[in-house]
Number of protein chains: 2
Amino acid sequence: MEVLGGKWKLAIVKVLLTGTHRFAALQRALPTITPRMLTRQLRELESDRILRRTVYAEVPPRVEYDLTELGAGLAELVEWLDRWGREYRKVRA
Amino acid sequence: MEVLGGKWKLAIVKVLLTGTHRFAALQRALPTITPRMLTRQLRELESDRILRRTVYAEVPPRVEYDLTELGAGLAELVEWLDRWGREYRKVRA
DNA sequence: CTGTATCCTCGTGGATACTG
DNA sequence: CAGTATCCACGAGGATACAG
């Protein structure tokens, strides 16, 4: 939970489960996140080896994010949580 | 994550997966939790229908906590997270 | 395009002491 | 036994502006 507990962490993982994304693409996928929060959560996920950050020395700059094997192993968890969340809303309603 | 995100929530669920517990028993199972935090997390889990609180009108007072069906449905998640946590520690080491 | 820098609010969580 | 009451520190998260 220390690794996954950030407000946007699992949301980011979920997006990256659909493939490699650039910074701006993640912003589009998470419309309400601020650049500051996106950077922070990405850096933490990187240092926890959930994802990889690849910088291409180009102009304009290009940076790509994709899941490591460790991160990809979270696929089941994300699905499980999605299902449980739906069940939860049903029961609580 | 809003429901499960408290610092002690999943730990409490994990204990209750082994059966009904009283307040003091939960304290013993979670040696570093303060009574204040235990109360708060229990009340939140109760209002989210993850567990049930049963008060017996006796002296001395007796209060028992046990999982609802919704809460019991978290068993898989807890196991999954345990496994992933171990894997995580191995890979990160 | 991919971020930093600054400033600020708020809530979580902890310490400690006390109570019906 | 099963909590409350108070007080406090810290940091996560957000708003806004700016930069290489």
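What you are looking at is a predicted structure, and each value in this text was computed from that prediction instead of being measured.
Rounded to whole angstrom, the span from the CG atom of A:Leu30 across to the P atom of D:dG13 amounts to 13 Å. Here the P atom of nucleotide D:dA2 and the OH atom of B:Tyr56 are 12 Å apart, to the nearest Å. When the C1' atom of D:dG3 is taken as reference, atom CD1 of B:Ile33 falls 13 Å away, rounded to whole Å. Between the C1' atom of D:dA12 and the CZ atom of A:Arg43 lies a distance of 18 Å, rounded to the nearest Å. Taking atom CE on B:Met37 and atom P on D:dC8, their separation rounds to 19 Å, with Å as the unit. Put simply, CD on B:Glu58 is 10 Å from P on D:dA2, counting in whole angstrom units. Following rounding to the nearest Å, A:Trp8 (CH2) and D:dG13 (P) show an atom-to-atom distance of 10 Å. The nearest whole Å value for the distance from the CG atom in B:Leu42 to the C1' atom in D:dC1 is 14 Å.
Between A:Trp84 and B:Val3 the shortest side-chain heavy-atom distance falls below 4.5 Å. Two residues are said to be in side-chain contact when any heavy atoms from C-beta on lie closer than 4.5 Å; B:Leu51 and B:Val13 fail this criterion. Between A:Leu70 and B:Tyr88 there is a side-chain heavy-atom pair separated by less than 4.5 Å. For the pair B:Leu42/B:Arg53, no side-chain contact is recorded, criterion being any heavy-atom separation below 4.5 Å from C-beta on. You'll find the side chain of B:Met1 reaches within 4.5 Å of the side chain of A:Met1, heavy atoms only. Contact of the A:Ile33 side chain with the A:Lys7 side chain is not registered, since no non-hydrogen atoms from C-beta on lie closer than 4.5 Å. Within the 4.5 Å cutoff, the side chain of A:Leu4 has heavy atoms near those of the A:Leu74 side chain. In this structure, the side chains of A:Ile50 and A:Lys9 stay at 4.5 Å or more apart for every pair of heavy atoms.
Note on A:Gln41: only backbone sugar-phosphate atoms sit closer than 4.0 angstrom, heavy atoms only; bases stay farther off. At a threshold of 4.0 angstrom between heavy atoms, the contacts of B:Arg62 are confined to the sugar-phosphate backbone, with no base atom among them. Counting any heavy atom pair closer than 4.0 Å across all strands shown, A:Tyr65 reaches sugar-phosphate atoms only and no base atom.
Checked by distance alone, A:Arg36 brings a side-chain donor or acceptor within 3.5 Å of a matching partner on the base of D:dG14.
Toward the 5′ end of DNA chain D lies the nearest nucleotide of B:Arg53, the other residue of the pair B:Arg53 and A:Pro35 mapping further downstream.
Of the residues in residues 16-29 of chain A, not one comes within less than 4.0 Å of DNA chain D through any heavy atom.
In summary, contact between chain B and DNA chain C, defined as any nucleotide atom under 4.0 Å from a heavy atom of the protein, begins and ends at C:dG13 to C:dG20 in the 5' to 3' direction.
Atom CZ of A:Arg92 has more than 12 neighbouring heavy atoms from other residues, nucleotides or ligands inside a 6.0 Å radius.
Here the shortest heavy-atom pairing between A:Pro61 and A:Arg22 reads O-NH2, 3.5 Å. Closest non-hydrogen pair, B:His21 versus B:Ala25, comes out as CD2-CB, 3.9 Å.
When the C1' atoms of four end pairs are superposed on the next four at each end of the helix from C:dC1-D:dG20 to C:dG20-D:dC1, using five pairs per end, the two resulting axes differ in direction by 60°, to 10°.
Put simply, A:Leu45 and A:Val55 are part of the same group of oily side chains (I, L, V, M, F, W, Y) that touch within less than 4.5 Å, one to the next.
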